[in-house]
Protein chains: 2
Amino acid sequence: MRESTPVPMSATLAADEALARRRRAGERVLSMASGEIGLAVHPALRERLAAAAGEGAYGPVAGGRALRAAAAGYWERRGLGIDPGLVVAGPGSKPLLFALLLALGGDVVVPVPSWVSYAAQARLVGARPIPVPIVPGQGGVPDPERLREAVAEARAAGLDPRSVVVTVPDNPTGTVASPDTVRRLASAARELDLVVVSDEIYRDLVYDTSAPAESPALHASERTVVTTGLTKNLAVGGWRTGVARLPDSDIGRALHTRLVSVASQVWSSPPAPVQTAAAYAFGEPPEITEHVAASRRLHEAVARAVAGRFTAAGAALAPVRATCYLYPDFEPLRDRLARAHGVHDGDGLARFLSERHGIGVLPASAFGEPGPTLRIRAATSRLYGDTDEQRTAALAAADPLGLPWVREAVEQVGGALSDLVRSTVRPLSPQS
Amino acid sequence: MRESTPVPMSATLAADEALARRRRAGERVLSMASGEIGLAVHPALRERLAAAAGEGAYGPVAGGRALRAAAAGYWERRGLGIDPGLVVAGPGSKPLLFALLLALGGDVVVPVPSWVSYAAQARLVGARPIPVPIVPGQGGVPDPERLREAVAEARAAGLDPRSVVVTVPDNPTGTVASPDTVRRLASAARELDLVVVSDEIYRDLVYDTSAPAESPALHASERTVVTTGLTKNLAVGGWRTGVARLPDSDIGRALHTRLVSVASQVWSSPPAPVQTAAAYAFGEPPEITEHVAASRRLHEAVARAVAGRFTAAGAALAPVRATCYLYPDFEPLRDRLARAHGVHDGDGLARFLSERHGIGVLPASAFGEPGPTLRIRAATSRLYGDTDEQRTAALAAADPLGLPWVREAVEQVGGALSDLVRSTVRPLSPQS
C-alpha cells in the first residue's frame with residue numbers, strides 16, 4: 001500500500017513564509033533563512049518578458065528551440081558543449097531535479113550536508129536517499145571513498161542506488177569542491193555505474209573567476225546530467241525557469257526520452273513568455289554578464305563580512321569561495337553555548353537567533369546533518385536592502401558595506417553573535 | 001526496488017509535436033489531437049503580464065494572496081465560496097493534480113474514458129489507477145453503482161483506493177454529467193470514504209449557460225477538491241497557471257498542509273508575473289467574461305459543425321454540450337471499416353486519418369478504453385485559423401463557418417470521413 005507521503009515543507013520556503021508573517025506583524029526581522037537573491041529584475045530581462053506576453057501556446061515539452069539553443073551556448077562557453085536536442089527546460093531546476101529522480105528510478109546518493117530538497121524529493125518518489133558525508137571544506141560532493149563503501153553496503157542491503165547528486169559550487173557550505181575531488185567522484189560514479197546529477201545553479205557565483213568550479217561532466221561525460229537556472233544569477237526565482245543538460249551518450253538519450261515523458265505528464269512545458277526572456281539571458285549579452293559579475297562581487301563582499309562576524313565570535317568556518325551561504329560550525333563553543341543558553345544543536349542555535357534577535361537561519365538538521373551538529377546555514381542574499389532602490393544601490397556600490405542599511409544588517413548579525421557567545425548567563429528575554 | 005517509471009509521453013503533447021514536425025516539413029496537416037485552444041491572448045491579459053514583468057520573487061508556495069482571493073471570488077460566483085486560505089495555486093492544473101495524488105496517497109479511481117494524464121500520473125507516483133466506466137453519454141463521472149463494486153473489489157484485492165477523479169464538463173467526450181449523476185457519485189464517494197478530485201477546467205465552456213455543470217463540491221463538500229485554470233477559457237496554456245480549491249473541513253485542511261508541502265518540494269511557487277495576470281483574469285472583469293463567452297460560442301459552432309460530419313458519416317455521437325471535443329463511435333461502421341480499410345480499432349482509425357488525410361486525432365486507447373474500441377477523440381479548437389488574425393476574426397464572427405478557412409478545415413474533416421466510409425476498397429496511398 002502506498003502511504004500518503006510524510007513530506008516536510010521545504011525548510012527554506014517554510015522559514016521564509018514564517019519570517020514574512022512576522023515582518024507583516026510589525027517585527028523587525030532579518031531573513032537569512034532562504035537563499036533567495038534580494039535584487040531587482042534586470043531591466044533588459046523585464047523588457048524581454050513584457051515583449052513576450054502574447055505567447056500563450058504550450059510549445060514543446062522540453063522547451064522551445066531558442067531557449068534550448070541558448071542554454072547549449074551557455075554550456076559551450078564553459079567547455080560543456082552539447083546538442084540543444086539534449087537540453088530539457090522546465091519550470092525551475094527544482095522540478096527538473098524531481099523529474100530526473102522519477103526518470104532515473106532506483107535510490108539516490110546525496111551528500112551530507114546538502115540542499116533541503118534532494119532527500120525530500122527522493123522520499124516523495126519512493127526512493128531512499130543514501131547519505132554520504134562530504135570531504136570537509138569541500139561541500140556538495142560525497143567523499144569518493146565513502147561513496148564506494150556506502151553504495152556497496154546499500155546494494156548488499158537490497159537498496160538500488162542508481163544516481164548521486166552533487167552541488168558545485170555548494171549550498172549550504174558556500175565552498176567549491178576541488179577539481180581533484182570532482183574527478184575522483186566522477187571515477188567512483190563510473191566504477192559504481194551511477195548517473196551523476198550535478199546541480200550547478202551557483203556556477204557563476206564563484207568569487208575567483210580564474211578558478212571556476214569543475215563540473216563532473218568533464219570527467220564522466222557519458223553519465224553526468226547538469227542542471228542550472230536563472231534563480232541565483234539573475235534573481236528571478238519567481239519566474240520558474242531551469243534547464244538540464246543530458247549527456248550525449250546512450251545513457252543520456254534514454255534518460256532524455258524518459259525525462260521528457262515525465263515532464264509531459266507533470267508540467268506540460270515551461271512557461272512560454274519566461275522561456276523567451278530566459279533564452280535572451282542564457283545568450284549572455286554584455287549587460288547580463290556585467291549584471292551577474294556585479295551581483296557576484298556584492299555576494300562576496302557581504303558574505304565575507306558576515307563570515308568575519310562568525311569567525312570573530314569563535315565559530316569555525318571553511319573559507320567561503322562562492323554563493324551567498326555560510327555554514328559556520330559552533331563546535332568550538334559547545335560548552336559555552338550549553339552553559340549560557342542551553343543551546344546544544346543547530347536547532348537550538350536557530351531558535352536562539354530567531355526568538356531573541358529576529359534573525360532567521362536554518363539549522364544543520366535541515367541539510368541532513370545528525371541531530372547534535374552545532375551548525376546553522378546563514379544566507380546573506382537578503383541583506384542588500386528592503387526596497388528595490390536600496391538593493392540596486394548595493395549592486396552598484398564599490399563598497400556595499402559603506403551603505404548604512406547593509407552595514408546595519410551586518411552589525412545586527414554581529415550583535416546577535418556577541419550576545420550568543422557572551423559567557424555570562426542572562427535571562428532569555430526579547431530584545432530589540 | 002523502485003523501477004525507473006515506464007511512463008508514456010502525454011499522448012496529446014506527443015501527437016501535437018509530431019504534427020508540428022510534419023507541418024514544418026511542408027505537409028498540410030490539421031491538428032485535432034490536442035485540445036490546445038487556438039486563440040490569441042486577450043490584449044488586457046497580455047498587458048497585465050507585461051506590467052508584472054518586474055516581479056522576480058518566489059512569493060508564497062501556495063500562490064500570492066491576490067491570486068488566491070481572485071480564485072475564491074471566481075468560485076463564490078459559482079456557488080462554491082471558499083476561504084482563500086484553502087486555495088492553492090500552481091504552475092498549471094496538471095501539476096496540481098499530480099501533487100494532489102502525491103498528497104492523498106493510496107490508489108485512485110479514474111473514469112473510462114478519461115483525460116490521458118490521470119492514469120499516467122497515478123502510475124508515476126506508484127499508485128494504481130482503478131478504471132470505472134462512465135454512464136454512457138455522461139462523460140467524466142464513473143458510474144456510481146460500478147464505482148461501489150470496483151472499490152469493494154479493489155479493497156478485497158489489497159488495493160487502497162482513497163480518491164476518485166471526475167471531469168465536469170468532460171474531456172474526451174464533450175458531454176456534461178447530469179446533476180443527478182454527480183449527486184449519486186458524491187454520495188457513493190462519501191459512503192466509500194473517497195476524496196473527490198473534480199477537474200472543472202472546462203466549466204465555463206458549457207454551451208447552454210442556463211444549465212451549468214454541477215460540481216460534486218455541492219454534494220460532498222467536505223471531501224471534494226476542485227481544480228481549474230486559464231488554459232481552456234483564455235487560451236494561455238503556455239502560461240502554466242492553475243488553482244485548486246480545497247474543502248473547508250478537517251479532510252481539506254489536512255490535505256492543504258500536505259499539498260503545500262509537496263508543492264514546496266516539487267515546484268516552489270507558481271510563476272510570479274503570471275500570477276498577477278491570472279488574478280486579474282479570475283476577477284472576471286467584463287472584457288474577460290465577454291471574451292470567454294465569445295470563445296464558448298465559437299467552440300460550439302465549430303464543434304457542432306464537425307459533429308455533424310461525423311454523424312453524417314454514420315458514427316454515433318452523444319450530443320456535444322461543452323468543450324471542443326468530439327468522441328465519435330464508429331461501432332455502427334465496424335464491418336465496413338474492416339473490409340474497406342482494414343481498420344479495426346481506434347488506433348487504426350487515427351492512423352488512417354493521419355496517414356491518408358494529414359488529420360491528427362487521438363485513439364480511444366489514449367483515454368484508457370479497451371483495445372478494440374472503435375472511437376477517436378477529435379478536438380476542434382485548432383480549426384480557427386493559422387494566424388492570430390484569422391483566429392481573432394473567427395472569434396469575432398457571428399457565423400464562423402462563413403469564414404473560408406474555417407469552412408475549409410471542416411470540409412477537410414468531412415472529406416476524410418467520406419473517404420473513410422466509402423464502401424469500395426481503394427488502395428491506401430497518400431492524397432493531398
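In what follows, chains carry the letters A, B, and so on, assigned in the order in which the sequence lines appear, proteins first and then strands, with residues in each chain numbered from 1.
Of all the listed residues (A/Ser10, A/Gly90, A/Ala272), the one sharing the greatest number of non-hydrogen pairs under 4.5 Å with chain B is A/Ser10. Contacts with chain A were tallied for B/Val116, B/Leu13, B/Thr12; B/Leu13 has the most, counting heavy-atom pairs under 4.5 Å. The choice from B/His42, B/Met9, B/Gln275 that makes the most heavy-atom pairs within less than 4.5 Å of chain A is B/Met9. Put simply, of A/Ala52, A/Ala51, A/Pro60, the one with the most heavy-atom pairs under 4.5 Å next to chain B is A/Pro60. Looking only at heavy-atom pairs under 4.5 Å with chain B, the residue among A/Ser269, A/Ala99, A/Gly92 that has the most is A/Ser269. Per-residue counts of heavy-atom pairs under 4.5 Å with chain B were compared for A/Gly54, A/Gly59, A/Pro43, A/Ala120; the largest is that of A/Gly54. Comparing A/Ala263, A/Ser261, A/Gly38, A/Ala277 by how many heavy-atom pairs each has under 4.5 Å with chain B, the most go to A/Ser261. Here A/Pro271 is the residue among A/Ser93, A/Pro271, A/Ala14 with the most heavy-atom pairs under 4.5 Å with chain B. Interface remark: of the candidates B/Ala50, B/Ala20, B/Pro91, B/Gly242, B/Ala50 forms the most heavy-atom pairs closer than 4.5 Å to chain A. Between chain A and the residues B/Glu17, B/Gln121, B/Glu47, B/Glu36, the largest count of heavy-atom pairs under 4.5 Å involves B/Glu36.
Side-chain contact between A/Leu234 and A/Ile288 is present, with at least one heavy-atom pair separated by less than 4.5 Å. Looking at heavy atoms from C-beta onward, A/Tyr118 lies out of side-chain contact with A/Pro129 at the 4.5 angstrom threshold. Between A/Leu97 and A/Asp199 the shortest side-chain heavy-atom distance falls below 4.5 Å. Counting heavy atoms from C-beta outward, B/Trp239 and A/Pro273 have side chains that approach closer than 4.5 Å.
Heavy atoms closer than 4.5 Å to chain B are found in the backbone of A/Glu55, but not in its side chain. Contacts of A/Phe98 with chain B are made by side-chain atoms alone, with heavy-atom separations under 4.5 Å and no backbone atom involved. Neither the backbone nor the side chain of B/Val274 comes within contact range of chain A; no heavy atom of the residue lies under 4.5 Å from a heavy atom of that chain. Only the backbone of A/Ala235 comes within contact range of chain B, judged by heavy atoms closer than 4.5 Å. The contact between A/Thr231 and chain B is made entirely by side chain atoms (from C-beta outward), counting heavy-atom distances below 4.5 Å. With a 4.5 Å cut-off on non-hydrogen atoms, A/Val266 touches chain B through its backbone and its side chain both. Heavy-atom distances place the backbone of A/Pro270, and not its side chain, under 4.5 Å from chain B. Heavy atoms closer than 4.5 Å to chain B are found in the side chain of A/Arg240, but not in its backbone.
Heavy atoms of other residues, nucleotides or ligands lying less than 6.0 angstrom from CZ of B/Arg155 number more than 12.
Electrostatic pairing of B/Asp386 and B/Arg391 does not count as a salt bridge here, judged by no charged N lying under 4.0 Å from a carboxylate O. Using a 4.0 Å cut-off between charged side-chain N and carboxylate O, A/Arg128 and A/Asp160 make no salt bridge. Using a cutoff of 4.0 Å between basic side-chain nitrogens and carboxylate oxygens, B/Asp16 and B/Arg21 are not scored as salt-bridged.
Residues B/Val151 and B/Pro161 come closest through the heavy atom pair CG1-CG, 3.9 Å. Among all heavy-atom pairs drawn from A/Val41 and B/Ala53, the shortest one is CG1-O, 4.2 Å.
Of the possible polar contacts, none joining the A/Lys94 side chain to the A/Ser117 backbone as a donor-acceptor pair under 3.5 Å is found.
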